[in-house]
A.B. asks: 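Dropping the structure in here first, questions after.
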Amino acid sequence: MVKSTTKDARDLFHTLRSAYVATPTNLKIIDLYVCFAVFTALIQVAYMALVGSFPFNSFLSGVLSCIGTAVLAVCLRIQVNKENKEFKNLAPERAFADFVLCNLVLHLVIINFLG
Amino acid sequence: MMNLSRSVALISLFLLPLLSFSFSVDNPTDRRVLVLLDDLSLKSSHSIFFNTLKSRGFDLDFKLADDSKLALQRYGQYLYDGLIIFAPSTERLGGSLDSKSIADFVDSGRDLILSADTSASDLIRSIATECGVDFDEDSSAMVIDHTSFSVSDVDGDHTLIAADDLVKSDVILGKAKIEAPVLFRGVAHSLNPTNNLVFKVLSASPSAYSANPSSKLSSPPQLTGSAISLVSVLQARNNARVVISGSLQLFSDRLIRSGVQKAGSHNQYEKSGNEQFVTELSKWVFHERGHLKAGSLVHHRVGETDEPAIYRIKDDLEFSVEIYEWSGKSWEPYVANDVQVQFYMMSPYVLKTLSADKKGLFHTSFKVPDVYGVFQFKVEYEMLGYTTLSLSKQIPVRPYRHNEYERFIPTAYPYYGACFTTMAGFFVFSFVYLYHK
């Protein structure tokens with residue numbers, strides 16, 4: 001029983017890995033960016049857990065900038081993915097332009113709220 | 001010529017009342033003292049005491065206690081600065097004097113020496129009760145001490161006491177220690193326990209008690225031991241000083257000149273400690289010693305000289321006050337290491353001991369606390385035997401203005417870093433995404 005579950009887990013991992021290798025490079029770049037943003041957010045949460053939430057607005061601003069940009073990157077990935085039937089007619093340049101503009105607005109708000 | 005001398009005489013007649021001195025803020029020693037006696041022979045039987053007073057410059061005015069022309073005030077102004085009542089058996093004082101007018105006299109800041117003796121009248125008792133001192137209710141009782149009596153006691157009933165339980169105060173009794181015991185023969189009194197301004201200067205030994213020496217004791221005496229005070233002193237809140245003694249003979253020439261040997265001790269003294277005791281005590285009562293004066297409180301920020309109208313929280317400030325002590329003739333700088341200042345708002349937020357320099361300037365510096373409101377600098381100085389100093393000055397304290405806070409909060413540096421790192425990451429990502437191959 002135990003032996004079969006570990007074998008299943010290993011088989012699952014291999015299937016996922018081989019499927020992921022087949023994705024296009026631009027999507028992989030977006031995934032990497034999302035991981036970086038979420039990792040930065042987690043570092044900030046860990047720091048807040050240590051020293052307390054004294055300048056709470058700064059904490060929110062920092063975490064929100066990371067999460068916000070990660071969310072925008074995920075939206076970009078959805079719109080640019082060729083396998084997605086919903087956005088077949090949307091030009092990828094348009095999606096990227098939206099991404100850039102939204103990020104600009106996000107960072108403007110973040111710097112304002114940072115104090 | 002005649003006109004000139006007549007006009008000079010007229011002018012001096014008008015000026016004369018103004019020229020007679022009284023104690024003042026700049027010269028706190030009393031000048032004119034009224035001495036009330038119930039028997040004029042006291043002038044000669046207590047001549048040593050009165051002569052020491054006269055030699056120190058006091059203007060003594062001897063009157064009989066029931067003299068009908070007695071007056072302490074005339075036209076609303078007091079005629080005397082001090083009052084000595086050596087009239088233990090007088091029932092009614094003459095003139096306009098009574099127990100209320102004497103209480104008003106003390107309330108105006110003037111000093112009093114009151115002495116009872118083996119017979120204390122109700123008037124003397126009531127004056128003493130006003131000052132927080134209760135004489136023994138039994139009018140025939142005297143202080144008896146079978147272990148602390150003087151060996152020269154002629155009557156053998158142990159009522160002449162050799163007392164050496166003096167209060168420990170250099171201000172009241174002078175720097176020189178009184179070596180010989182003080183001879184005392186008179187009535188006992190106790191202090192009212194609710195009165196915290198009166199204290200004992202000469203206290204009876206634990207073996208003393210108050211009873212009638214000529215009759216057998218039928219019940220245990222009420223006043224015993226160290227609860228009996230022989231000479232007590234009151235310094236009122238307006239710094240008037242009152243000495244109440246249970247014995248008139250304490251001041252007499254006979255006891256001053258007499259030698260003393262305490263029963264049970266081998267030390268024999270040629271002269272009792274009475275003269276030194278009454279001289280030093282009279283110096284203290286009439287404000288020749290132990291009188292303090294304070295200048296105004298000065299405060300300013302460190303580095304500035306002007307007094308600001310308002311402080312900000314966490315400011316550094318410096319505080320100073322000048323205190324002088326009257327030496328009998330001039331104001332000398334006061335030196336002590338226990339004067340404290342409080343920065344007070346409902347309770348002291350800061351309490352600091354001031355450091356003295358030799359010129360009477362007491363100073364310190366501290367940081368304004370992190371609380372805003374209306375504070376007071378308070379100096380409350382109450383030491384035994386010294387006049388009380390109660391000074392205060394109000395000053396408001398404001399919080400930070402919006403532009404006085406720190407610009408960047410150090411604990412938030414990681415958040416600042418994260419935001420800028422995210423922005424840089426976005427910038428790099430957009431380049432890589434657009435131009436990758």
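In this text, all values refer to a predicted model and were calculated from it rather than measured experimentally.
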A.B. asks: Side chain from CB out, backbone as N, CA, C, O: work out which of these in A:Phe54 comes under 4.5 Å of a heavy atom of chain B, or both, or neither.
C.D. replies: side chain
A.B. asks: Looking at B:Val432, B:Leu434, B:Val428, which one has more heavy-atom pairs under 4.5 Å with chain A than the rest?
C.D. replies: B:Leu434
A.B. asks: Please state whether the side chain, the backbone, both or neither of A:Leu72 comes within less than 4.5 Å of a heavy atom of chain B.
C.D. replies: neither
A.B. asks: Present all donor-acceptor pairs from chain A to chain B with distances below 3.5 Å, rounded to 0.1 Å.
C.D. replies:
from     : atom 1 : to       : atom 2 : distance (Å)
A:Tyr47  : OH     : B:Thr411 : O      : 2.8
A:Gly115 : O      : B:Arg407 : NH1    : 3.4

A.B. asks: Got B:Val233 and B:Val242 here, is their nearest side-chain heavy-atom distance under 4.5 Å?
C.D. replies: no
A.B. asks: Rounded at 0.5 Å granularity, tell me how far CG in A:Leu106 sits from CG in A:Leu64.
C.D. replies: 6.5 Å
A.B. asks: What residue in A:Leu76, A:Val63, A:Ile30 has the most heavy-atom pairs under 4.5 Å with chain B?
C.D. replies: A:Ile30
A.B. asks: Heavy-atom distance under 4.5 Å between the side chains of B:Leu354 and B:Val321, does that happen here?
C.D. replies: yes
A.B. asks: Hey, are the side chains of A:Phe39 and A:Val34 touching, using non-hydrogen atoms and a 4.5 Å cut-off?
C.D. replies: no
A.B. asks: First locate atom CG of A:Leu114, then atom CD1 of B:Ile409, and finally report the distance between them rounded to the nearest 0.5 Å.
C.D. replies: 9.5 Å
A.B. asks: Within a strict 4.5 Å, meaning less than it, do heavy atoms of the A:Tyr20 and A:Arg17 side chains meet?
C.D. replies: no
A.B. asks: Could you check whether any side-chain heavy atom of B:Val397 comes within less than 4.5 Å of a side-chain heavy atom of B:Ile310, counting everything from C-beta outward?
C.D. replies: no
A.B. asks: Taking the side chain as every heavy atom from C-beta outward, state whether B:Ile395 and B:Phe343 have any pair of such atoms under 4.5 Å apart.
C.D. replies: yes
